[in-house]
Amino acid sequence: MVREDRPVWADRGPWPSGGRAPGEAPRVIVIGAGIGGLSTGCYAQMSGAETRIFERHVLPGGCCTAWSRQDYVFDYCIEWLTGTGRNNDASRVWRELGALDGKTIANFEMFNTVTDETGRSVTFYNDPDRLEAHLLELSPGDARPIRAFCRDLRRFTRVNLYPFLTPPPLQSTSEKLATLRAVLPSFALFWRTAVTRMESFCERFEDPLLRRAFPFIFFQDHEVFPLLPYLFNMASAYHLNAGFPQGGSLGLARSVEERYTGLGGRIDYRSRVERILVENDRAVGVELRGGERHFADHVVSACDGVTTLEGLLGGRYTSPKIDKLFGEMMGRDDALYPGVVSVFVGVDGELDPSARHSTTYLLSDEDSAALPGVLQNSMVVQMRSRYSDGFAPPGKSVVHCTYFSDYEPWKRLRTTDRKAYWARKQKAADFVREFLERHHPGISNAIEVVDVASPTTTERYTGVRGGSILGWKSFTPADDVITGLINKDRMRLPGLDGFSMAGQWFGGGSLIRAAASGRFVTQYLCKELGLDFRAWESGGTVPWHPDRLGRLPQLETRRVR
C-alpha cells in the first residue's frame, strides 16, 4: 500500500543561521513526529509559525503505529480513544488536528470481559443499568458494592469535563469560571472516587471473581488507579466518546500528518537529531546524524525524555522537577508502566461472532509459568479485525494478545544471546497458539502468521525508554510532577531559552494528553514569539480508506514459526 500524494521535500535544504527578516514567520523545529510532535507542528502552523519536524523513523506516530505481515495489519497502540464523540474539549482537539476526518468510529457496548481460570466471566458493560443487573446476577451477595459502583457510574455519565484546551496559567477569567462551574457540582464525587483505590474497593466484594476482575476493566491491572478513571472512561464510552477510530493507530497518525502538511508543515523522515545546538544558554537549532545543521527561533523536543535531557542536551540543563521525574520516578514500578509483549495472530477465516471483542484472561499458575516474562498473571486477547476495516484481508482475521512484561530480561537476552532471545519469542508465540486453541477450538489450524513484539522491539523502533508504551502512570507522584512542569515551568527548562518539551514524557501518557501537550506548548510558545494562538477544526470529509496508511514496514527480518 503506497500513497503517491505525499509531499516531497527533497528540494528544500537546511534552515540557515541568522536572524529572520522583518515580517518573516518565526521558525520552529520539532524533534519527533509522534502525536505530541505532530500536534505541536499543527498548532504552530495554524498560529503563523514555519515549522519543520525531524523524525528518526520512516513513519509518523511514534508508538501510535502499525506494521504488516502477509497483508495483515498489526495495529499497535489504541484500545480506545478519548474524544471520538462530539461537543467536548477532547473531541475538539482531535478535530482541530484532523485525526478523525472522514472516519467511522467503532463503539462497543462493553469495555472488557474478564475470565478466570475456571471459565467464569464478568463483562463490564458501559450502560450502568445493564452492568448492575449483570453483576447482581453473578453475585447477589455483593449487592452493596455493586450498587455503589453503578450509582457512581450513573453520576459520571452526567459529567462532561475534558480539560485539554488551555493550560491553567493561560486561561482567561471566563475559562476559569466555566471550569469551576463544571467541577463544583461534582466535586464531592471527584474527590471521593479519586481517593478510593480500586484495590481497597475490591476488598468489599465476597465473590472472588469480582474481587479479582474489577482492576482489569482497562484490560490490564493499572495497580495504582483509584475508582475515578474507571468510572470516567466507562461513562465516556457510554456516551460514545471512547471509541476506536477507523484506520486505528497509524491511521490516526497519518490523518494528523496530512493535517500538518496541509497547513504547510514539513516532516523530514530518517532524520535522527544528534544534539540540540545551544548558544549562550539559548537553543538555536539542531544537528542531525551526519553533521547537517538546522537553525530556528525555537526548538521543541517531543521525543523520549531521557534522550532529550541526557543525549540531545548532554545533561547540561535540568530542574528539581526534572531530576525527580527522570531520577527518582524513572526506577519506580508505581510511577512508570512496564513494557508490553504483543503477539499478533493472522487467521485464515472469520472469528466466532459470539466471542467478546476484548477479554482479559486471568492465568493459572501453570499458564503463568509457561508465558515468558508475564506480569500480573494475565493476558489480554482482542479480536482486532472487528475494530476497523483493513486490518485483515477479506475473509481473514487478526487477534492481538498482550501482557505486561519487564524490559530488562528481554534487553539482556537480545544483547548477549540473540538465539535465546528468539527462543523466548518463539515460546510466547507457541503459548498463544495453544491458548487460543484451548478457548477457540480449531483456530490453530487456521493460523497463517504469528508476530511477536517485545519491549525491546518497541524501544528499537520508536525510541521510547524501556519499551514503556504507556509511560508515566496517572494518579501517582509522577503525575503531580508533570502537572508542575506544565503549569509552573510552562514546559521549559530553567536556564535554557528558546526550548520547550512536549509529548508523553512531558505531558502525560495517554494519546489525548500527548495531543493536548502540543496545544499547550504552542500556546506558551506564541507568547514568546509574539504570535496570536489560533486553532480551528480541519473540516475534512474525504472518506478514510486503508490505502491511506501508506507503505508499512516489517519490524523484524526473522519471524517466529
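Positions are given from 1 along the sequence. Hydrogens, waters and symmetry mates play no part in the numbers below; they use all other heavy atoms, side chains included.
With rounding to the nearest 0.5 Å, the separation of CZ in Arg490 from CZ in Arg492 is 9.0 Å. Atom-to-atom distance recorded for Leu97:CG and Glu257:CD is 13.5 Å, nearest 0.5 angstrom. Note: Asn280 CG to Leu496 CG = 11.5 Å, rounded to the nearest 0.5 Å. For the atom pair CG (Leu38) and SG (Cys64), the distance works out to 9.5 Å, reported to the nearest 0.5 Å.
Evaluation of the side chain to side chain contact (heavy atoms under 4.5 Å, CB included) rule for Pro372 yields Tyr403, Trp410, Arg424, Lys427, Ala428 as partners, not counting sequence neighbours. Residues satisfying the side chain to side chain donor-acceptor pair (under 3.5 Å) criterion with Thr456, sequence neighbours excluded, are Tyr421, Ser454. Taking Glu287 as the reference, Arg275, Arg293 meet the salt bridge (Lys or Arg N to Asp or Glu O under 4.0 Å) condition, with sequence neighbours excluded. With sequence neighbours excluded, the residues forming a salt bridge (Lys or Arg N to Asp or Glu O under 4.0 Å) with Arg92 are Glu96, listed by chain and number. Not counting sequence neighbours, Arg270 has no partner by the side chain to side chain donor-acceptor pair (under 3.5 Å) test.
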**OP:** Show your reasoning for whether ring pair (Phe, Tyr, Trp, His ring centres under 6.0 Å) applies to Phe499 and His298.
**Re:** CA-CA 6 Å; Phe499 176 76; His298 201 95; 7.5 Å; no
**OP:** Check the pair Lys411, Glu408 against salt bridge (Lys or Arg N to Asp or Glu O under 4.0 Å), reporting the backbone distance first and the verdict last.
**Re:** CA-CA 5 Å; Lys411 178 65 173 180; Glu408 287 298 336; over 6 Å; no
**OP:** Could you walk me through whether Asn241 and Thr84 pass the side chain to side chain donor-acceptor pair (under 3.5 Å) test, one step at a time?
**Re:** CA-CA 5 Å; Asn241 195 46; Thr84 55; 4.8 Å; no
Subject >> Test side-chain contact (heavy atoms from CB on, under 4.5 Å) applied to Arg259 and Met46, step by step >> reply: CA-CA 10 Å; Arg259 172 66 162 155; Met46 283 188 266; 3.5 Å; yes
Original post:
Between Val278 and Val284, is a side-chain contact (heavy atoms from CB on, under 4.5 Å) present by the stated rule, with each step listed?
Top reply: CA-CA 6 Å; Val278 177; Val284 296; over 6 Å; no
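Looking at heavy atoms from C-beta onward, Val399 lies in side-chain contact with Leu351 at the 4.5 angstrom threshold. Counting heavy atoms from C-beta outward, Tyr260 and Ile53 have side chains that approach closer than 4.5 Å. With contacts defined as side-chain heavy-atom distances shorter than 4.5 Å, the pair Val521/Met501 does not qualify. Residues Arg519 and Phe164 have side chains not in contact (no heavy-atom distance under 4.5 Å, counting atoms from C-beta outward). Using a 4.5 Å heavy-atom cutoff, the side chains of Pro60 and Tyr269 are in contact. Within the 4.5 Å cutoff, side-chain heavy atoms of Leu552 are placed close to those of Leu549. Taking 4.5 Å as the limit, some side-chain heavy atom of Trp94 sits within range of a side-chain heavy atom of Ile512. Within the 4.5 Å cutoff, the side chain of Pro455 has no heavy atoms near those of the Val340 side chain.
Inspection of the Ser255 and Asp101 side chains reveals no N or O donor paired with an N or O acceptor under 3.5 Å. At a cut-off of 3.5 Å, with distance as the only test, no side-chain donor of Ser388 or Gln246 sits close to an acceptor on the other residue. In summary, the side chains of Arg513 and Ser517 do not present any donor paired with an acceptor at a separation below 3.5 Å, with no hydrogens or angles considered. A donor and an acceptor atom, one from each side chain of Gln523 and Tyr43, are nowhere located under 3.5 Å apart. With no hydrogens or angles considered, no side-chain donor-acceptor pair links Thr462 and His57 at under 3.5 Å.
Between Phe74 and Tyr72, the two ring planes are parallel [angle under 30°; tilted spans 30° to 60°]. Ring geometry, Phe218 versus Trp80: the interplanar angle falls from 30° to 60°, so the pair is classed tilted. Between Phe54 and His294, the ring planes are tilted. Angles from 30° to 60° get that label. Using the six-membered ring where Trp is involved, Phe344 and Tyr76 have ring planes that are tilted, between 30° and 60° apart. The aromatic rings of Tyr337 and His222 stand perpendicular to each other, their planes meeting at an angle above 60°, with 30° marking the opposite boundary.
Counting heavy-atom neighbours within 6.0 Å of Asp281 CG, excluding the residue itself, gives a total above 12. Atom CD of Glu279 has 12 or fewer neighbouring heavy atoms from other residues, nucleotides or ligands inside a 6.0 Å radius.
Contact check on Lys321 versus Asp323 returns no salt bridge, with no Lys/Arg side-chain nitrogen under 4.0 Å from an Asp/Glu carboxylate oxygen. Using a cutoff of 4.0 Å between basic side-chain nitrogens and carboxylate oxygens, Glu55 and Arg272 are not scored as salt-bridged. Ion pairing of Arg52 with Asp268 is present here, as a side-chain N (NZ or NE/NH1/NH2) and a carboxylate O approach within less than 4.0 Å. Between Asp304 and Arg465 a salt bridge is recorded (basic side-chain N to carboxylate O distance below 4.0 Å). Ion pairing between a basic and an acidic side chain is recognised when a charged N comes within 4.0 Å of a carboxylate O; Glu328 and Arg332 show such pairing.
When the options Lys396, Arg69, Gln70 are evaluated for a side-chain hydrogen bond (donor to acceptor under 3.5 Å, both in side chains) with Glu448, the one that passes is Lys396. With Phe506 as the fixed residue, the ring pair (Phe, Tyr, Trp, His ring centres under 6.0 Å) test singles out one of Phe326, Trp472, Tyr524: Phe326.
Listed by first and then second residue, the salt bridge (Lys or Arg N to Asp or Glu O under 4.0 Å) pairs that reach into residues 497-512 come to none, sequence neighbours excluded.
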